[in-house]
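We name chains A, B, ... by the order of the sequence lines, and we start the count at 1 in each one.
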2 protein chains.
Amino acid sequence: MTDAKPKGEDQGAVNSTDLIAALSNGEGLVSSLERKLAAVILSDVNFATAASITEIAAKAGVSPPTVTRFCRRLGCASFSDFKVQLAKSAYVGLRYLHPETITSTPAEVAEDIVTKAQNALFELHRGLDMASLSRAAELLAGSSMIYAFGAGGNSSLIANELQNRLFRLGCRITASTDHAFNLMLSAAAEPGAVVIGSSLSGRNTEIVRCFDLLREREIPTIALTRAGSEVAAAADIVIAIDLPEGKNIFRPTSTRYAFLAAVDILANLVAYADREKSRRLLRSIKEQLVRHRDGDDRQLLGD
Amino acid sequence: MTDAKPKGEDQGAVNSTDLIAALSNGEGLVSSLERKLAAVILSDVNFATAASITEIAAKAGVSPPTVTRFCRRLGCASFSDFKVQLAKSAYVGLRYLHPETITSTPAEVAEDIVTKAQNALFELHRGLDMASLSRAAELLAGSSMIYAFGAGGNSSLIANELQNRLFRLGCRITASTDHAFNLMLSAAAEPGAVVIGSSLSGRNTEIVRCFDLLREREIPTIALTRAGSEVAAAADIVIAIDLPEGKNIFRPTSTRYAFLAAVDILANLVAYADREKSRRLLRSIKEQLVRHRDGDDRQLLGD
DNA sequence: GCCTTCCGTGAAAATAAATTTCTGCATTCT
DNA sequence: AGAATGCAGAAATTTATTTTCACGGAAGGC
């Protein structure tokens, strides 16, 4: 048996998406030839990952050594390391390059949507503040009643989803997507209650009003929203979901995946916050799986 | 200027995830040394993408030529091509390798959920049947009324989402998550109507009942569900969403992302199916963006 | 205004890596 | 049991990448 530990050096200096990002905004690329190289590589990333150094050099009209230096400057250990880094980031980052391509064929539409959704998830993960997520989960797990607010097609989906996920964990929760009703609930909420509100834009003034009222009444609030937004300012705990606005690729449509994932994570953390609840959760999942496999269930739980 | 066309050969024979998949289930790997190599590579994919052929050979206790043959057998053009392919699939596929890792720390939970969601999206994309999606979109675009059915936390989300997405495109649509009501709607639906139903499990017998009734009544039906399932059999057009069941990593939780993406794609195709509708859609998106940037909107459309 | 210095670049050499060829060995079929 | 098939490794070849060195241009100082 060979259990000899390998060197295992962490060669890649640049984070995977940073490579594509660095390439597109020309980070640290001073010379014109290097910019040319960046352009050539970005113009066809797939070619770049497959080609040899001489092929790339020829395409950019430079010499191989220039390509090597270029790779080093970008923080890669070598040309092959660069190719690997590029390949790593290509899948996630490709859409950054042509963000406003008008998609027409069904296949393009599908690829576009899937890639944007994946990018949104990726960005969410990068920007997540685990501390506030944990605090939010603790708060929710210890609450006696949860109100989930959200309005409009997207945030109402999130509010409903919060209910869908948390009631299974034994939380007392109701989702409300009605502004007037939200206000009444906020006015009537008793100590021990927690209010969690979602706003993709961070500008839902009705939720802000509710949060203001709740702060006065010392009912803790959690916001799933943009950092620094009005909704964020009004909440006690902010689960910030900031997808870079500069790139237009994050429409509400794809942002939703990020919000949904945030809810998933939150729900999981709530489950783990309480050992007993966690055990119950795992048991129910197991049961669900067993039932599923037996095939004699008429209806899968929570289809 | 050098505008010499490069060879641009499409070297990678294997699709990116297939590589990780092929590696894990040992596709076509007959010899024991090759299995050993696969195990070594899977045990530390990051090492494998960074290491040289001799390092990998040493770690697996084989000779470099064996590694080369191994790469070829997996459909790669060369060892470096293999590394690139591996790097491409690593980000998406890593979680396949430790599917049942018990996640405990918040960071692990987050990574787990995000990665599973991304995998689900990836698998969805791989398995999508564009033809049936297009037909479904055409059908929906040409309908006079749409009913969206779904039950349980997840499929009801999808049904509501269909309504949320399609009403914006000028479709007449209502979502219903009430079994009894679904039956009544099915019995009352008039020619020109289309019914679209979602079932993650494919075993929603109530939807099957509705679809049977609708088939008798010659009202076309679309199913978002597992291929080959009862629901699929009962529908006229099936948008099959098959996430590999063998790996337990696709719980309903992550499957939902795939369904959601399918709805997104469908909605986009519906929009493109009708030039006029498409124009309207784009205008409204534009308006939304402009409003968003102006910052004087009180409430973002569809927050 | 000219000279010096620094930086970027490419040619060529050197090095490192990967692949091919060939031989030996094990397994299996006749 | 003997032959044939196919896989694995050693060595050599080939390929690719990197380093070194020398040149040229640009910027700054005298």
Starting at [atom1] of [X] and ending at [atom2] of [N], how long is that distance when rounded to a whole Å?
X	N	atom1	atom2	answer
B:Glu55	C:dA16	CD	C1'	12 Å
A:Phe79	D:dT18	CZ	P	8 Å
B:Leu37	D:dG9	CG	C1'	13 Å
A:Phe82	D:dA16	CZ	P	18 Å
A:Ile53	C:dA17	CD1	P	15 Å
B:Asp81	D:dA16	CG	C1'	15 Å

Who pairs with [X] by side chain to side chain contact (heavy atoms under 4.5 Å, CB included), at least two apart in sequence or on another chain?
X	value
B:Ala233	none
B:Ala110	A:His125, A:Leu128, A:Met130, A:Ile265
B:Ala48	B:Ile41, B:Ile56, B:Leu86
B:Ala223	B:Phe211, B:Thr225, B:Val231, B:Ala235

Among all residues two or more places apart in sequence or in another chain, which pass the side chain to side chain donor-acceptor pair (under 3.5 Å) test with [X]?
X	result
A:Ser134	none
A:Thr68	none
B:Thr66	B:Ser63

If you compare all heavy atoms of B:Ala262 against all heavy atoms of B:Ile241, which two are closest, and at what distance to 0.1 Å?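 Residues B:Ala262 and B:Ile241, closest heavy atoms: CB-CD1, 3.6 Å.
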Q: Mind listing the closest non-hydrogen atom pair of A:Ala60 and A:Lys36 along with its distance?
A: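 In terms of heavy atoms, the two residues are closest at O-CE, 3.2 Å.
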Strictly below 4.0 Å: does A:Ser63 bring a side-chain N or O up to OP1 or OP2 of C:dA11?
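Negative; the distance criterion is not met.
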- prompt: So, is B:Thr66 close to the D:dG9 phosphate, meaning a side-chain N or O under 4.0 Å from OP1 or OP2?
  reply: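 For D:dG9, OP1/OP2 do have a side-chain N/O of B:Thr66 under 4.0 Å.
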Protein and nucleotides 23-25 of chain C: nitrogen or oxygen contacts under 3.5 angstrom:
none

Once base and sugar-phosphate atoms are separated, protein heavy atoms under 4.0 Å mark nucleotides 19-27 of chain D, 5' to 3', with B, S and - as B--------
